[in-house]
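This report concerns only the one structure given below.
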Amino acid sequence: MPTSDHPPSRREPGPLVGADWLAARLGDPALVVFDASVGAHRAAARRIPGARPFDLDGALSDHAAAAPHTMPGAAGFTEALRSLGLDDTDTVVVYDGAGVYSSARAWWMLRAMGFDRAAVLDGGLPAWTAAGLPVEDGGPRYEGARGSFTARPRPGLLIDAEEVAATLADPAAAVLDARTRERFEGTAPEPRPGLRGGHMPGAVSLPFGELQRPDGLMRPAAELRAAFEAAAGGRERLRFSCGSGVTACVLALGADLAGYRDLAVYDGSWSEWGLPSPLRPVATGPAPAPVAAPAPAAGSAEDDRPDLQPL
């Protein structure tokens with residue numbers, strides 16, 4: 001049975017748990033399982049038993065904001081999670097149908113709103129089914145009682161363009177970009193119209209797929225640490241960006257597993273920075289060579305998998 005290389009610490013349950021951990025606790029009334037799949041995976045007609053929808057394409061993004069997948073405000077987040085039956089005392093496991101892709105975004109959002117008892121399912125639904133564990137027909141759903149969850153926002157875990165600009169000027173900090181290297185260098189077009197190609201001057205490319213093994217599980221902590229040290233050197237203040245603030249959270253998850261603690265995600269990401277603006281410069285071509293070669297790619301970057309929408 002596939003299992004995670006990152007066993008839960010005393011700070012249950014995670015931030016990462018394996019299929020065996022979840023299977024042993026499935027059905028516990030204090031455990032909530034969320035399916036945070038996006039795109040085609042959100043429409044899949046199967047779910048882990050009892051999974052509820054953490055809809056990043058719907059209620060759990062602020063559709064009044066200019067950038068897609070923007071974090072909703074505390075009131076909207078509270079309402080959405082209460083409608084899904086979440087209580088403040090529950091434990092949460094989040095998965096997605098692609099592996100570890102959009103589930104990390106849900107985990108980071110919960111942390112940013114003050115909820116720590118949440119973990120990502122290592123390998124997601126593919127790891128669950130590979131282990132021969134049960135699934136139910138139909139997508140995630142919930143029709144039960146409202147919960148008591150209350151958002152308690154933590155400033156600093158989600159940052160804006162001004163804070164990113166300050167980070168880029170800080171020699172003690174690093175901005176890491178989770179998009180493919182081709183999008184980072186500007187040799188592949190952006191999937192969203194109207195965006196410039198390239199990257200923030202001073203940012204470093206670390207495609208999120210390089211943090212994962214070929215089987216879709218997250219790499220062991222030592223390998224993750226090596227990948228981040230290769231990209232960021234000795235810098236411990238790490239800030240993450242991607243296309244719309246989703247796969248940047250895979251980098252946040254990997255950095256947390258690797259022992260980094262001063263972490264933040266740029267919520268607008270390239271969907272905001274890449275818009276035409278003289279205030280947000282763009283560079284093309286490769287970034288300066290890292291200190292050491294990064295971990296080998298796992299073949300799970302979105303440009304290598306047509307089932308993944310570029311985020």
Side-chain angles (χ1 to χ4, degrees), residues 2-18 21 94 99-101 103-105 107-108 111-112 116 118-124 127 156-159 164 167-168 170-181 184 199-200 202-242 245-266 269 286-301:
T3 187
S4 173
D5 286 325
H6 306 272
S9 67
R10 293 179 184 176
R11 184 172 59 116
E12 294 280 0
L16 192 73
V17 298
W21 188 97
V94 189
V100 179
Y101 184 58
S103 50
R105 171 69 179 184
W107 165 77
W108 192 255
R111 288 191 65 181
D116 286 328
V120 172
L121 177 62
D122 200 5
L157 270 67
L158 291 163
I159 58 175
V164 172
T167 301
L168 291 166
D170 183 353
V175 176
L176 305 180
D177 192 320
R179 296 174 300 156
T180 61
R181 296 195 191 281
F184 179 90
H199 59 271
M200 307 166 201
V204 180
S205 177
L206 183 57
F208 75 91
E210 295 188 2
L211 304 186
Q212 299 171 1
R213 306 184 331 192
D215 61 5
L217 300 180
M218 296 294 289
R219 293 184 178 275
E223 292 183 18
L224 292 171
R225 186 78 192 194
F228 282 103
E229 287 182 350
R235 293 173 287 185
E236 294 283 326
R237 294 185 61 238
L238 305 182
R239 305 295 181 257
F240 308 110
S241 182
C242 60
V246 175
T247 56
C249 298
V250 179
L251 297 192
L253 173 64
D256 188 281
L257 293 167
Y260 292 89
R261 293 295 172 257
D262 192 347
L263 311 175
V265 169
Y266 175 21
S269 282
V291 176
S300 58

- Item | Student check: side-chain heavy atoms of S205 and H199 closer than 4.5 Å | no
- Message: Could you tell me if the side chain of Y101 sits less than 4.5 Å from the side chain of V246, heavy atoms only?
- Response: no
- Task: Could you tell me which residues satisfy side-chain hydrogen bond (donor to acceptor under 3.5 Å, both in side chains) with T167, sequence neighbours excluded, listed by chain and number?
- Result: none
- Across all chains, not counting sequence neighbours, the side chain to side chain contact (heavy atoms under 4.5 Å, CB included) partners of A255 are F228, L238, F240, Y260, L263
- Message: What I'd like to find out is whether the side chain of C242 reaches to under 4.5 Å of the side chain of F208, using heavy atoms alone.
- Response: no
- Between the side chain of W108 and the main-chain N/O of L157, is any donor-acceptor distance below 3.5 Å? yes
- Distance-minimising heavy-atom pair for A104 and V120: CA-CG2, 4.0 Å
- Query: After noting the C-alpha distance and the side-chain angles of Q212 and V250, does the key distance pass the side chain to side chain contact (heavy atoms under 4.5 Å, CB included) rule?
  - Reply: CA-CA 10 Å; Q212 299 171 1; V250 179; 3.8 Å; yes
- Result of checking V94, L217, D122, L211 against V100 for side chain to side chain contact (heavy atoms under 4.5 Å, CB included): D122
- Can you tell me if R239 uses its side chain to pair, donor with acceptor, with the backbone of A174 under 3.5 Å? no
- What heavy-atom pair brings L168 and A203 nearest, and what distance separates the two atoms? CD2-N, 3.8 Å
- Inter-residue atom distance L121.CG - W107.CH2, 0.5 Å rounding: 14.5 Å
- Message: Using the salt bridge (charged side-chain N to carboxylate O under 4.0 Å, His left out) criterion, which residues pair with R235? Sequence neighbours excluded.
- Response: none
- Under 3.5 Å donor-acceptor, R181 side chain and P207 backbone: no
- Query: If you take all heavy atoms of M200 and S241, which pair is closest and at what distance?
  - Reply: CE-OG, 3.5 Å
- Rounded to the nearest 0.5 Å, the CG atom of L257 sits from the CE atom of M218 at a distance of 5.5 Å
- Query: Are the side chain of R213 and the backbone N or O of R219 linked by a donor-acceptor pair below 3.5 Å?
  - Reply: no
- Message: Is there a side-chain contact between P15 and L253 in this structure, where contact means two heavy atoms from C-beta onward sitting under 4.5 Å apart?
- Response: yes
- Item | Pairing residues for D170 by the salt bridge (charged side-chain N to carboxylate O under 4.0 Å, His left out) criterion, not counting sequence neighbours | R237
